[in-house]
Amino acid sequence: MQELHILLKNKDKIDPNSARDYADQGGFSALRKALSMTSEEIITEVKNAGLRGRGGAGFPTFRKMEFTANAPGDIRYIVCNADEGEPGTNKDRMLLSTDPCSVF
């Protein structure tokens, strides 16, 4: 049985230093959609999708987005730390080195 690559679907198919290669593989389509939506619509979409963090706790991503949306100030950031806290997995390193644009 052949492996089904989801997170690493672009491994060896794109130049990881080329946003154009990523876009040519269909990348940034979700970003294009999000740019036409309100913050509330984006949060609802992420909530309905059930997206969770990849760490051990699996914290719901929409909750981080809600916290950020409700924070004071005009400029806010959500940071992807790509922590390699699970010894020997190198899961984040592999994703960031082969398909970094997918992390957006």
Side-chain angles (χ1 to χ4, degrees):
M1 185 164 100
Q2 187 174 2
E3 289 182 332
L4 174 63
H5 290 264
I6 297 172
L7 291 177
L8 298 175
K9 68 182 179 196
N10 290 324
K11 184 179 182 297
D12 299 326
K13 294 181 183 176
I14 65 168
D15 174 356
N17 296 310
S18 172
R20 171 59 49 208
D21 277 8
Y22 179 71
D24 289 347
Q25 291 292 325
F28 301 121
S29 60
L31 176 61
R32 282 190 279 279
K33 179 180 177 181
L35 290 173
S36 70
M37 301 167 72
T38 66
S39 296
E40 293 80 14
E41 290 171 329
I42 294 169
I43 292 169
T44 299
E45 185 94 5
V46 172
K47 181 178 181 178
N48 291 342
L51 185 64
R52 295 181 167 273
R54 296 184 64 219
F59 194 78
T61 303
F62 83 92
R63 296 290 295 148
K64 292 179 184 183
M65 296 171 90
E66 284 179 336
F67 297 149
T68 304
N70 294 325
D74 294 332
I75 299 175
R76 302 170 198 108
Y77 299 94
I78 295 178
V79 176
C80 171
N81 66 7
D83 175 45
E84 291 289 358
E86 300 168 37
T89 62
N90 295 322
K91 63 179 176 42
D92 299 322
R93 182 178 305 144
M94 178 65 73
L95 180 59
L96 290 171
S97 65
T98 61
D99 196 5
C101 290
S102 69
V103 176
F104 291 123

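Screening residues 42-52 for salt bridge (charged side-chain N to carboxylate O under 4.0 Å, His left out) gives Lys33-Glu45 as the qualifying pairs, with residues at least two apart or on separate chains. Residues in residues 34-43 take part in no salt bridge (charged side-chain N to carboxylate O under 4.0 Å, His left out) pair, two or more places apart or across chains.
Scored by the salt bridge (Lys or Arg N to Asp or Glu O under 4.0 Å) test, Arg63 finds Glu66 as partners (sequence neighbours excluded). Arg20 pairs by the salt bridge (Lys or Arg N to Asp or Glu O under 4.0 Å) definition with Asp24, not counting sequence neighbours.
With rounding to the nearest 0.5 angstrom, the CG atom of Leu51 is 9.5 Å from the NZ atom of Lys64. Once rounded to the nearest 0.5 Å, the distance linking CZ of Phe62 with CD1 of Ile42 reads 15.0 Å.
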Counting only pairs under 3.5 Å, give me each side-chain donor-acceptor contact of residues 7-15, with atom names and distances, residues two or more places apart or in other chains.
unit_1: Asn10; atom_1: ND2; unit_2: Asp99; atom_2: OD2; d: 3.0
unit_1: Lys13; atom_1: NZ; unit_2: Lys9; atom_2: O; d: 3.4
unit_1: Asp15; atom_1: OD1; unit_2: Asn17; atom_2: N; d: 2.9

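What you find for Pro100 and Pro16 is that their closest heavy atoms are CG-O, 3.2 Å. Closest heavy-atom contact between Cys101 and Ala19: SG-CA, 4.1 Å. Between Ala23 and Phe28, the closest heavy-atom pair is CB-CD1, 3.9 Å. Minimum interatomic distance between Gly53 and Thr61 (heavy atoms only, all atoms of both residues): N-OG1, 3.8 Å. Heavy-atom minimum distance, Tyr22 versus Ser102: OH-CA, 3.3 Å.
Listed by chain and number, the hydrophobic cluster partners of Phe67 are Phe59, where partners are ILVMFWY side chains within reach of under 4.5 Å, directly or through others.
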Q: Could you walk me through whether Leu4 and Ile6 pass the side chain to side chain contact (heavy atoms under 4.5 Å, CB included) test, one step at a time?
A: CA-CA 6 Å; Leu4 174 63; Ile6 297 172; 4.3 Å; yes
